[in-house]
Engineer: 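Submitted below is the structure of interest, expressed as structure tokens.
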Amino acid sequence: MVETTLSEQVTTICTLFEERMRIKGATLERQIYKAGRTLPKSVRRAAKNIAAVQAMSEHPKLSKQVDHAALRKDAALVIAHLQKKDARDERIGRILVFLAKISTALILGFVLTIWYLWSRGLV
């Protein structure tokens, strides 16, 4: 029974990675690696624990060492975080950061140009 719950949770997490973060991968470990630092540290650690437990569950003796309460807690944390993600909002945020960098560079260039012209006595 725990095996099906674990596999369902892993399937749910993988699906959320694909839908919410647009990250595809063959395994959960690969998706976590691709997500990298876009995930908060606690969520990344919880997802890595789930991937490790998934590998342990395939071995009969190692599967007895799994802490199911911690697994449920980690899965709930990852699922809750991924359900709150909005890919459109993150894209808009990246565009705004890019535009802010460009406008900062343009303003700085304008100020330096005016300062240079003023120091030469041309303005």
Side-chain angles (χ1 to χ4, degrees):
M1 179 161 168
V2 175
E3 288 285 329
T4 58
T5 305
L6 174 63
S7 64
E8 289 173 1
Q9 290 173 341
V10 169
T11 304
T12 303
I13 292 171
C14 288
T15 305
L16 286 172
F17 266 118
E18 290 178 12
E19 290 175 357
R20 299 292 182 146
M21 295 186 71
R22 309 275 193 256
I23 296 175
K24 295 182 181 179
T27 63
L28 178 60
E29 291 177 353
R30 187 67 185 152
Q31 287 177 327
I32 296 167
Y33 176 77
K34 284 182 177 182
R37 298 186 74 137
T38 59
L39 294 174
K41 195 174 197 179
S42 60
V43 174
R44 192 175 17 183
R45 186 180 309 126
K48 285 181 182 179
N49 288 342
I50 294 169
V53 168
Q54 183 186 15
M56 285 176 55
S57 68
E58 296 171 359
H59 194 278
K61 289 187 178 180
L62 292 178
S63 65
K64 295 177 183 178
Q65 297 177 358
V66 174
D67 183 10
H68 297 290
L71 178 66
R72 281 191 297 273
K73 181 181 169 187
D74 289 343
L77 176 69
V78 174
I79 290 171
H81 177 77
L82 290 176
Q83 286 177 340
K84 287 190 292 185
K85 284 278 207 190
D86 186 14
R88 181 177 177 265
D89 187 40
E90 289 184 15
R91 268 195 309 271
I92 290 172
R94 277 188 263 141
I95 290 170
L96 290 175
V97 167
F98 177 71
L99 292 175
K101 288 178 182 180
I102 289 175
S103 64
T104 303
L106 289 173
I107 291 170
L108 186 61
F110 179 74
V111 168
L112 289 175
T113 303
I114 296 298
W115 175 81
Y116 177 75
L117 293 174
W118 177 77
S119 67
R120 296 290 180 193
L122 298 174
V123 175

Engineer: Which atom names give the shortest non-hydrogen contact between Ala51 and Ile32, and what distance separates them?
Structural biologist: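 Distance-wise, the nearest heavy atoms are CB-CD1, 4.3 Å.
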Engineer: Can you name the side chain to side chain contact (heavy atoms under 4.5 Å, CB included) partners of Gln54, sequence neighbours left out?
Structural biologist: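 Side chain to side chain contact (heavy atoms under 4.5 Å, CB included) list for Gln54, sorted by chain: Val10, Leu28.
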Engineer: Ile114: which other cluster members, linking ILVMFWY side chains closer than 4.5 Å, directly or transitively?
Structural biologist: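 Its cluster partners, ordered by chain and number, are Phe110.
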Engineer: Applying side chain to side chain contact (heavy atoms under 4.5 Å, CB included), name anything that partners Lys73, two or more places apart in sequence or on another chain.
Structural biologist: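 Lys73 satisfies side chain to side chain contact (heavy atoms under 4.5 Å, CB included) with no residue once adjacent residues are dropped.
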Engineer: Does Lys101 have any side chain to side chain contact (heavy atoms under 4.5 Å, CB included) partners at least two apart in sequence or in another chain, and if so, which?
Structural biologist: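 So Lys101 forms a side chain to side chain contact (heavy atoms under 4.5 Å, CB included) with Val97.
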Engineer: Please determine whether side-chain contact (heavy atoms from CB on, under 4.5 Å) holds for the pair Thr5 and His68, giving the CA-CA distance in whole Å, both sets of side-chain angles, and the decisive distance to 0.1 Å.
Structural biologist: CA-CA 10 Å; Thr5 305; His68 297 290; over 6 Å; no
Engineer: Show your reasoning for whether side-chain contact (heavy atoms from CB on, under 4.5 Å) applies to Asp86 and Glu90.
Structural biologist: CA-CA 6 Å; Asp86 186 14; Glu90 289 184 15; 6.0 Å; no
Engineer: Tell me, which pairs form a side-chain hydrogen bond (donor to acceptor under 3.5 Å, both in side chains) where one or both residues lie in residues 27-37, sequence neighbours left out?
Structural biologist: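 Listed by first then second residue: nothing to list.
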Engineer: Kindly compute the distance separating CD1 (Ile107) from CG (Leu112), expressed to the nearest 0.5 Å.
Structural biologist: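 Atom-to-atom, Ile107:CD1 and Leu112:CG are 12.0 Å apart.
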Engineer: Output, in order, the C-alpha distance, side-chain angles, deciding distance and verdict of side-chain contact (heavy atoms from CB on, under 4.5 Å) for Leu71 and Asn49.
Structural biologist: CA-CA 8 Å; Leu71 178 66; Asn49 288 342; over 6 Å; no
Engineer: According to side chain to side chain contact (heavy atoms under 4.5 Å, CB included), who are the partners of Ile79, at least two apart in sequence or on a separate chain?
Structural biologist: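 Per chain and number, Ile79 pairs via side chain to side chain contact (heavy atoms under 4.5 Å, CB included) with Thr12, Ile13, Leu16, Gln83.
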Engineer: Measure across Leu82 and Arg20 and return the closest heavy-atom pair with its distance rounded to 0.1 Å.
Structural biologist: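 Looks like O-CG, 3.1 Å.
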Engineer: Mind checking the CE-NZ spacing from Met56 to Lys64? Nearest 0.5 Å is all I need.
Structural biologist: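 If we round to the nearest 0.5 Å, Met56:CE and Lys64:NZ are 12.5 Å apart.
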Engineer: In Å and rounded to the nearest 0.5 Å, what is the NZ to CG distance from Lys84 to Asp89?
Structural biologist: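 Between atom NZ of Lys84 and atom CG of Asp89 there are 13.0 Å.
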Engineer: With hydrophobic residues grouped by side-chain heavy-atom distances under 4.5 Å, do Trp115 and Leu106 end up in a single group?
Structural biologist: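 Different clusters.
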Engineer: First locate atom SG of Cys14, then atom CD1 of Ile23, and finally report the distance between them rounded to the nearest 0.5 Å.
Structural biologist: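 Cys14 SG to Ile23 CD1: 11.0 Å, rounded to 0.5 Å.
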Engineer: Calculate, to the nearest 0.5 Å, the distance between atoms OG and CD1 belonging to Ser57 and Ile50 respectively.
Structural biologist: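 If I round to the nearest 0.5 Å, the distance is 12.0 Å.
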Engineer: So which atom in Ala46 and which in Val78 form the shortest heavy-atom distance, rounded to 0.1 Å?
Structural biologist: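 For Ala46 versus Val78, the nearest heavy atoms are CB-CG2, 3.8 Å.
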Engineer: State, yes or no, whether a side-chain contact exists between Thr15 and Glu18 at a heavy-atom distance under 4.5 Å.
Structural biologist: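 They are not in side-chain contact.
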Engineer: Within the supplied structure, the quantity of interest is the number of heavy atoms (other residues, nucleotides, ligands) at a distance under 6.0 Å from Lys48 NZ; does it exceed 12?
Structural biologist: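 Check fails, neighbour count at 12 or below.
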